Every structure is written in C-alpha cells, then in structure tokens.
Amino acid sequence: MIAGNWKMFRGPEPSALRGALGDLPHVVAPPFTLLRDCVEAGLTTYAQNVHWEPEGAYTGEVSAPMLQDLGVTGAIVGHSERRQYFGETDLGVARRAHAALQAGLGVIACVGETWEQRESGDTETVLRVQVESIGDLCGTHDNLVIAYEPVWAIGTGKTATPELAQEAHAFIKSLLAAPVLYGGSVKPDNAEELLAQPDVDGALVGGASLDLDSFVAICRAGS
Ligand code: PGA
C-alpha cells in the first residue's frame, strides 16, 4: 500500500491524479473538505482521522458512518501530528482505530518515536506501548495496517535508513501481526530501497504526495 497524506494542503487535482495513476494501487488522504472530490474522481480515499462514536456532541470530529456516506473507505489514526499538537493519547487512538474497523473502514494506525526517545534508547519501549494499545483493543484485523513513522523523519528530509526501518518494522510485527508501512520523508529517489526491505509493506507519504508526479513515481516503485 502506498498512501498519500495530504495533511492540511489542497494536494494535486483529484481527476488529474486519478488519470495519472492508471491501474496503480494507491490511497489518498486529503483534508475533510476534499474527500468527496477524491471519491468522485475514483481515487481510493481515506480520511486523516475518525472519531470513535457514530454521532454525538463532539465538535470538530467526524464519524466512521459519516465518512462511509461519502464513499470513503478508510482512515488514518494516531498520526504523530495529532498526538503532538492535538493531545491525542494512545487510548484515544486505539478507540478511533477500533470504531473504524468495526464500521468496516480500513485503518492506518501510526506509531513512532521522537529523536530524543531514540537517542535515549527508548525506541522499542515507545513502539511497544503504542502498538500494544492498538492491538489490545483491536486485535489482529484484516483491515488494520500500522504505519511506522519516526517523528524525527517526518517532513525533515531525514529518512530512516532502510536497515533501521527494517529493524523497527520487524519489531512491530513481533508485537502485532499486521502489514507495516514506512513513513518519513519518502521520496521517489528513496522509495525503492525502503520498499525492498522484507518487512516494509508500503509507504505513508506526506510532502511528496502533494506533487502528482512524485506520488505516481512512488506508487510505481511500490508496485
Ligand atoms: P513526510 O510526511 O513524507 O512529509 O515526511 C510523512 C507523514 O507525516 O505521514
């Protein structure tokens, strides 16, 4: 799976992207306001977040059934930017993932350590807590994918080496049986060697997914 996380950007024009992708497998995760355009263009479309209740007094949130009404087929949960800037907790992330899976959505659940955590030797502890909190609530599930996104590699141009990514992915799979995507400064010129690692099952692409040609090139590397 190659997934493009557009974050709070407009991204490429959906029908142009759809045309350029041809038969290449892909997921796009645009801002909420562009979900309908992406679905209508025929793109496989995920939301960037989803709430755990089907409806209720939760200002600013969107539920799984609401996404499904639009034809959205999955959601990212627990992105480090959600955890870092919006106070999302391991339990909240797990609840979002669980509700989405129960509703029939695909889920990309993000985990990853900060640079300080890596430097102090805490990477495995951090990953264990994050992955197990998702696994405890969701178990293994056909529609559950984990994304390993070292926080220090997101939007920084610093990519984990293929060896380092492989090591983290193998560790995550020892905790929970799920495909694991790599995320963090994936570009057309490093995608192939990252994706060649045995336990790297795809990529979650931020910045490079905003450029049509870059994203198509990464999807091609993935196929
Ligand atoms: P990046 O973002 O590719 O721009 O580093 C990845 C992500 O945040 O999912």
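First listed ligand is number 1; within each ligand, the first listed atom is number 1. If you're wondering where the values come from, they're calculated on a predicted model, not measured in any experiment.
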Worksheet item: Nearest to atom 3 (O) of ligand 1, what protein heavy atom do you find, and at what distance?
Response: Gly206 N, 2.9 Å

Worksheet item: Backbone, side chain, both or neither: what part of Ile154 comes under 4.0 angstrom of ligand 1, heavy atoms only?
Response: both

Fill in: Asn5 neighbourhood, listing ligand 1 atoms whose heavy-atom distance to it stays under 4.0 Å
9 (O)

Worksheet entry | Short N or O distance, Glu149 and ligand 1, threshold 3.5 Å exclusive | yes

Response to the item:
Going by the 4.0 angstrom heavy-atom rule, the piece of Ala153 near ligand 1 is backbone

Worksheet item: What orientation do Trp115 and Trp152 show, parallel under 30°, tilted 30 to 60°, or perpendicular over 60°?
Response: perpendicular

Response to the item:
So the atoms of ligand 1 within less than 4.0 Å of a heavy atom of Leu204 turn out to be 9 (O)

Item to complete: Flag His79 as yes when one of its N or O atoms lies below 3.5 Å from any N or O atom of ligand 1, and as no otherwise.
Response: yes

Worksheet item: Should the heavy atoms of other residues, nucleotides or ligands under 6.0 Å from CG of Asp142 be counted, would the total exceed 12?
Response: no

Worksheet item: Do the side chains of Glu53 and Glu61 get nearer than 4.5 Å, heavy atoms only?
Response: no

Worksheet item: Has the side chain of Tyr182 got a donor or acceptor atom that lies under 3.5 Å from a matching backbone atom of His169?
Response: no

Discussion item. Under a 3.5 Å distance rule, please check whether Asp201 uses its side chain to pair with a backbone N or O of Val180 as donor and acceptor.
Written reply: yes

Item to complete: Using the test salt bridge (charged side-chain N to carboxylate O under 4.0 Å, His left out), find all partners of Glu124 that sit at least two apart in sequence or belong to another chain.
Response: none

Fill in: Shortest non-hydrogen contact between Val200 and Ala165, atoms and distance
CG2-CB, 4.5 Å

Worksheet item: Does the side chain of Val50 come within less than 4.5 Å of Ile76's, by heavy atoms?
Response: no

Worksheet entry | Under 3.5 Å: N/O of Gly207 near N/O of ligand 1 | yes

Worksheet item: Should Lys7 be listed as contacting ligand 1, given a heavy-atom distance under 4.0 Å as the test?
Response: yes

Discussion item. Can you confirm, on distance only, whether ligand 1 has an N/O atom lying under 3.5 Å from any N/O atom belonging to Ser185?
Written reply: yes

Fill in: Under 4.0 Å to a heavy atom of Gly155 - the qualifying atoms of ligand 1, by number
1 (P), 4 (O), 5 (O)

Worksheet item: Is it true that Gly184 lies under 4.0 Å from ligand 1, counting heavy atoms only?
Response: yes

